[in-house]
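Note sheet for the following structure.
All chains are named by letter (A, B, ...) in the order of the sequence lines, taking the proteins before the strands, and each is independently numbered beginning at 1. All values below were derived from every heavy atom in this structure, side-chain atoms included, with hydrogens, water molecules and symmetry-related copies excluded.
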Amino acid sequence: MDYKKVIAEKLSQIAGMESNESLEMLETPQYSEMGDIALPCFKLSRTMRKAPNIIADELKEAFKDVSGFSKIESLKGYLNFYVDKLAFAKQTLTEIIELGDKYGTSEEGLGKTICIDYSSVNVAKPLHMGHLSTTVIGHALYQIYEFLGYNCVGINHLGDYGTQFGTLIVAYEKWGDKDAVEKNGIAELTRLYVKYYDEEESHPELADEARLWFKKIEDKDSEALELFNWFQEITLKEVNQTYALLGIEFDYYTGESFYTDKMQPVVDRLEETKLLVKDQGAKVVRLDEYDMPPCIILRQDGASLYATRDMAAALYRKQTFEFTQCLYVTAYQQDLHFRQFFKVLELAGYEWSQDLVHVNYGMVSMEDGSMSTRKGRVALLKEVLNKALEKANDIIEEKNPDLENKEDIARMVGVGAIVFSALKNNRIKDIVFSWDSALNFEGETAPYVQYTHARATSVLEKSEISLIGEADYTALENEDAAALITSLSEFREIVKSAARRYEPSMITRHIVDMAQKFNKYYFEHRIIDNDSAEKNRARLMLAAATKQVIKTGLNLIGIESPNKM
RNA sequence: GUACCCGUAGCUCAGCUGGAUAGAGCGUCUGGCUACGGACCAGAAGGUCGUAGGUUCGAAUCCUAUCGGGUACGCCA
């Protein structure tokens with residue numbers, strides 16, 4: 001039963017409004033003393049030409065016969081509805097327990113496909129902290145949309161195009177060693193890069209060689225391609241270990257180079273629509289009308305650019321996957337780029353350009369300055385994860401040394417802590433990486449929530465009463481239980497909002513909210529007690545429902561829920 | 001210079017399409033394990049919601065201006 005709908009329908013009858021219009025007027029009060037659903041009557045006072053408090057009084061009478069509410073109260077121009085707690089508790093808990101991990105799912109996405117472009121690792125470069133946000137946000141959105149019934153396509157848009165790969169071949173040919181690369185992977189490739197740039201200072205002619213090698217890659221010269229593919233293989237093998245640790249898999253690893261032969265149609269279309277104009281030797285699309293600098297499509301030498309490739313990729317994805325939306329999870333530094341190429345596609349007549357979404361996020365920097373590969377200030381993602389894992393392990397040794405599968409649990413907790421910290425705040429916020437806060441396991445953190453889950457599990461295991469059978473929900477007639485049940489029931493809407501706003505942090509925060517309310521309840525009330533089996537059952541159902549929703553929520557943001565820790 | 005983003009407690013942040021008394025966590029101080037897991041719970045202290053106008057019955061939320069911080073602005077990605 002949807003209480004808001006019931007109220008909205010009745011209100012529509014009385015005030016003669018559309019039902020969605022009256023639904024929008026309803027809100028959830030800030031304080032539970034003011035009821036569960038509130039109708040502010042201020043706007044009605046204009047059309048009804050009466051004082052809000054009088055309208056509220058009158059509506060109170062009109063709502064008298066509506067069932068499902070234990071009390072309806074008129075207060076200071078608000079009409080406050082108090083839902084029948086017993087019925088609500090029964091409905092919410094039985095629903096969660098019956099649906100299990102399906103609770104919160106939806107069919108809104110059936111038959112729709114969403115492409116998610118995230119993580120975008122560069123060939124021959126390691127994953128560092130700068131990749132954390134895109135990787136975990138993208139993965140969370142993937143999980144969330146799948147949960148809502150969408151078909152998701154996860155794409156790792158590899159950075160595998162550019163002269164840099166020519167330089168890498170030069171470096172490898174001159175100073176490289178097959179075994180060293182096989183053995184040390186990306187670290188060795190990075191060493192070769194650095195060596196190259198050192199040498200280039202005194203031997204500028206190396207740059208010509210690099211350009212030549214890159215040209216060979218583009219021309220699909222077999223020797224060049226073989227080396228390049230090998231570098232890619234080495235890179236993927238290594239980064240996949242980190243992805244595995246995070247529990248992430250991609251459907252496609254189609255990088256920039258994949259689109260090199262797919263750009264002509266884009267250029268042709270821009271020519272046909274007369275959007276492409278020559279400017280200082282380059283070909284651009286002017287965007288002055290839209291308060292943006294021109295979007296460069298072709299360089300003076302005729303070579304394509306970032307925007308050109310991204311447009312080719314968008315076209316390809318539209319044709320291949322027929323997406324209803326295509327999300328790009330990249331940092332806000334690229335805001336302009338996305339606004340530009342979305343606009344160019346729109347001007348070129350691709351009406352689906354409005355389905356392209358730049359899911360931007362803030363930058364990660366180190367405490368002692370900004371993140372820079374050259375200055376060696378990057379924290380590698382795998383190092384951060386390993387450190388968190390060690391910390392989790394230490395805590396387990398200290399608090400629960402007899403725990404089984406310690407390594408597994410330490411992985412879930414340690415990795416969870418890092419993922420959680422990246423999904424706790426709104427995407428747009430910049431993050432200053434600090435070991436202290438990343439390795440903090442108390443308060444609003446993954447371990448806190450996981451601990452709550454383990455606690456609920458523990459109680460459930462301890463009890464011998466089955467969840468099936470008559471339950472006496474009067475055992476849950478207290479503020480703490482009511483607050484928890486409300487929070488659990490809000491989960492569905494939270495998931496939908498998180499999807500609508502591309503904001504996984506909404507889920508993260510709600511999980512914390514549920515955990516806090518459970519812990520409060522747990523502290524104030526016994527779950528297993530010496531009263532009737534029916535009362536015990538009601539309280540156990542509350543614990544079971546909490547366990548379920550926390551687990552589902554954590555899963556959506558890519559975090560596991562250990563039963564013990 | 002232009003465009004966009006951010007500004008809420010000492011710190012890190014919530015606050016949905018404007019609604020009643022602005023909320024968490026961390027840190028500080030204090031208290032709580034003889035019953036289901038103390039990675040927990042409770043209490044205290046801490047606020048001109050950057051500033052100034054405006055719209056409104058009502059503004060942290062919308063508009064304008066302004067200050068502070070950030071990002072991006074043609075042949076890199």
- Under a 3.5 Å cut-off for both distances, is C11(B) Watson-Crick or wobble paired, and to whom? G25(B)
- Query: Going by distance alone, is a donor N or O of one side chain under 3.5 Å from an acceptor N or O of the other, for K406(A) and N400(A)?
  - Reply: no
- Please answer whether the main-chain N or O of Y361(A) pairs with a side-chain N or O of R427(A) as donor and acceptor at a distance below 3.5 Å. no
- R509(A)/D513(A) salt bridge by N-O under 4.0 Å criterion: no
- Message: Return the pairing partner of G19(B) with a 3.5 Å limit on both distances, Watson-Crick or G-U wobble; otherwise return none.
- Response: C57(B)
- Does A20(B) have Y78(A) stacked on its base, where the ring centres are within less than 5.5 Å and the planes differ by under 30°? yes
- Query: Does the side chain of E346(A) come under 3.5 Å of the side chain of Y290(A) through a donor N or O and an acceptor N or O?
  - Reply: no
- Do the side chain of N80(A) and the base of A20(B) come within less than 3.5 angstrom through a donor-acceptor pair of N or O atoms? yes
- Annotated protein contacts, base or backbone, on nucleotides 54-73 of chain B with a non-hydrogen cut-off under 4.0 Å, one of B, S, - each: ---B------------SSSS
- Message: From the set A20(B), C75(B), A14(B), return the single nucleotide nearest to any side-chain atom of P29(A).
- Response: A20(B)
- Message: Of the options A39(B), G19(B), A42(B), whose atoms approach the side-chain atoms of F441(A) most closely?
- Response: A39(B)
- Within the structure, does a side-chain N or O atom of Y306(A) lie under 4.0 Å from either OP1 or OP2 of A77(B)? no
- Query: Do any side-chain nitrogens or oxygens of Q30(A) fall under 4.0 Å of OP1 or OP2 in A20(B)?
  - Reply: yes
- Task: Using only side-chain N and O atoms of R309(A), determine if any of them is under 4.0 Å from OP1 or OP2 of A77(B).
- Result: yes
- Is the base of G74(B) syn or anti, if syn means a glycosidic angle within 90° of 0? syn
- Message: Measuring centre to centre across the rings, with the benzene-like ring taken for any Trp, is F214(A) within less than 6.0 Å of Y161(A)?
- Response: yes
- Query: Hey, is the side chain of K399(A) poking within less than 4.0 Å of OP1 or OP2 on A39(B), counting only N and O atoms?
  - Reply: yes
- For A42(B), give its Watson-Crick or G-U wobble partner with both distances under 3.5 Å, or none. U30(B)
- Query: Does the ring center of Y259(A) lie less than 6.0 Å from the ring center of H157(A)?
  - Reply: yes
- Map K429(A) and Y522(A) onto RNA chain B by nearest heavy atom, then report which one ends up closer to the 5' terminus. K429(A)
- Hey, do the aromatic rings of F81(A) and Y3(A) have their centres closer than 6.0 Å? no
